[in-house]
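Naming: A, B, ... by sequence-line order, numbering from 1 per chain.
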2 protein chains.
Amino acid sequence: MTGQVRTVDGRVAGRRGQATRQKLLDCLSEMLSSSPYRDVKVIDVARKAGTSPATFYQYFPDVEGAVLEIAEQMAAEGAALTELLEGRSWAGKAGWQTAQELVDGFLEFWRKNDAILRVVDLGAAEGDKRFYKLRMKILNSVNNSLADAVAELQAKGRVDKDVNPAAVAGSLVAMLAAVASHQKGFSSWGVKQAELKPNLALLVHLGVTGRKPTK
Amino acid sequence: MTGQVRTVDGRVAGRRGQATRQKLLDCLSEMLSSSPYRDVKVIDVARKAGTSPATFYQYFPDVEGAVLEIAEQMAAEGAALTELLEGRSWAGKAGWQTAQELVDGFLEFWRKNDAILRVVDLGAAEGDKRFYKLRMKILNSVNNSLADAVAELQAKGRVDKDVNPAAVAGSLVAMLAAVASHQKGFSSWGVKQAELKPNLALLVHLGVTGRKPTK
DNA sequence: ACTTGTCCTGTCATGCCGTCAGCTTACCGA
DNA sequence: TCGGTAAGCTGACGGCATGACAGGACAAGT
């Protein structure tokens, strides 16, 4: 499926080459966490990895290309987010727990990968299809599950007919993502992490079921 | 209040200087709309404005500094967002209309300024205090009004005690902002603009009042 | 030791960055 | 009218990042 890892000029990368390549990706990842995206330079990444810019360009067309690679790896891990919703109930107390665990897992994932996700978000917002598709890929698991949950409740008549499940799910996911990437903003605005989560869960529960949770 | 406009080396800018300065800002603004933030170069902005890079550096320390300037202007205009909530009711049909108009106004504002807001968002997410404060300034008007509305309903006993008004308001505002900057994402995901708005309004109404709107 | 293919880097042309000295232009008081 | 002064702009320059290439280092098999 993944084919072989190749250099920019078409050679297949061997063991050593793949190690170098991965080291470059790791260093880039670190740099993205510590300095603004706009200021991340190839030469810095290469230096940090103990190699030269020329080597970098053997494996990646540019910084953006390398970021896409990292994001791709992260997207694969992000598939695990589906588990947060797989086979969960939205009724009664179980529903409240589902909402809480979703919020928890989502914020955790976002916090762990915030540097890359920032860049993916930016790229997507700028209209770059590659980043945009990647963002979809990451969010789709949660998004689809949520939309299904809404649609199901709708079929049972417990949610209004004129609700669009995809729109609601997408909005809720966007909310989670946005709050996650501005967590610091909240905290210094007088809202603490611990307070934030239950309120987010409340909003999610309200959005999905249309009702307040029974705790 | 605003003092005089000054160049980087301390001279006060006259009529002509201010015009040049503004032209540079306008051109930068255009460039941000048409190319990725990372690729916006001083020399391109200067060329577009029919001047030289050296001139740019007379008025701004760097690209980031100029962006802050634009964002500041935008934040001033953004104060008008308060009107979307000033003295509005959240009860009954009026509440539904309030939610709708808030969504409408907010999306409109975001769409009009999306290029700058993308950069502000990025800067804030990266932890830059200047951008972070600016983002607050823009969102505060809406944020505070929403929080007040929630707190008021809470005082009347129509919203649960354990809800944190600031957290809910902040989350809703973050949702609006995120959805606005990924509007295209939704549309190509099968959710049309026109469908999106009422669903967003529903979520806002649910979040503020804890109840479904009466339409 | 020799060959082969992978892997890395020195080097180079190009182009942007950010600064400075110095030239031109506009304003103002005598 | 005529300097004087400050505003406004730019050419030019050292420095650095980019991206390409050719050639040297290295590992593995024969």
| message | Within the 4.0 Å heavy-atom criterion, would you say A:Tyr59 contacts the bases, only the backbone, or no part of the nucleic acid? | response | sugar-phosphate
| query | If you look at every strand shown and take non-hydrogen atoms under 4.0 Å, does B:Arg11 touch a base, only sugar-phosphate, or nothing? | reply | base
| said: For A:Asn164, is there any backbone N or O sitting under 3.5 Å from a side-chain donor or acceptor partner on B:Asn199? | reply: yes
| message | Donor-acceptor check, side chain of A:Ser35 to backbone of A:Val40, threshold 3.5 angstrom: yes or no? | response | no
Distance-only donor-acceptor pairs under 3.5 Å for side chains of residues 56-72 of chain B, two or more places apart:
| from | atom 1 | to | atom 2 | distance (Å) |
| --- | --- | --- | --- | --- |
| B:Asp62 | OD1 | B:Glu64 | N | 3.4 |
| B:Asp62 | OD1 | B:Gly65 | N | 2.8 |
| B:Glu64 | OE1 | B:Arg130 | NH2 | 2.9 |
| B:Glu69 | OE2 | B:Arg21 | NH2 | 2.8 |
| B:Glu72 | OE2 | B:Lys137 | NZ | 3.1 |

| Given D:dT10, C:dC8, D:dG19, which nucleotide is nearest the side-chain atoms of A:Tyr57? | D:dG19
| message | Is B:Arg15 close enough to C:dC27 that one of its side-chain N or O atoms is under 4.0 Å from OP1 or OP2 there? | response | yes
| query | Any idea which of C:dC16, D:dC9, C:dC7 is nearest the A:Thr20 side chain? | reply | C:dC7
| Which whole-number value in Å describes the distance from A:Gln58 CD to C:dT11 P? | 18 Å
| query | Could you state the CG-P distance from A:Asp39 to C:dC16, rounded to the nearest angstrom? | reply | 18 Å
| Choosing from D:dT10, D:dA20, C:dC7, which nucleotide comes nearest the side chain of A:Ala54? | D:dA20
| task | Would you kindly give the CZ-to-C1' distance between B:Arg47 and D:dT10, to the nearest whole Å? | result | 15 Å
| said: If the threshold is 4.0 Å, N to carboxylate O, is there a salt bridge linking A:Asp44 and A:Arg47? | reply: yes
| OP1, OP2 of D:dT10 versus side-chain N and O of B:Thr51: anything below 4.0 Å? | yes
| request: Take atom CD of B:Glu83 as the centre, draw a 6.0 Å sphere, and report whether it contains more than 12 heavy atoms from other residues, nucleotides or ligands. | output: no
| task | In whole angstrom, give the distance that lies between atom CE of B:Met31 and atom C1' of C:dC16. | result | 14 Å
| Whole-Å gap separating P (C:dG15) and NZ (A:Lys41) | 17 Å
| said: Output the rounded distance in Å from CZ (B:Arg38) to C1' (D:dA17). | reply: 11 Å
| query | In whole angstrom, what separates B:Gln18's CD from D:dG8's P? | reply | 8 Å
| Just how far, in rounded Å, is C1' of D:dG19 from CZ of A:Phe60? | 16 Å
| Side chain of B:Val12 - closest among C:dC16, D:dA7, C:dT9 | D:dA7
| said: Between B:Thr7 and A:Arg16, which residue's closest nucleotide on DNA chain D lies nearer the 5′ terminus? | reply: B:Thr7
| said: Considering every strand and a 4.0 Å limit on heavy-atom distances, what is the contact class for B:Arg21: base, sugar-phosphate, or nothing? | reply: nothing
| Residue B:Thr55, side-chain heavy atoms: nucleotide from D:dT10, D:dA7, D:dA28 that is nearest | D:dT10
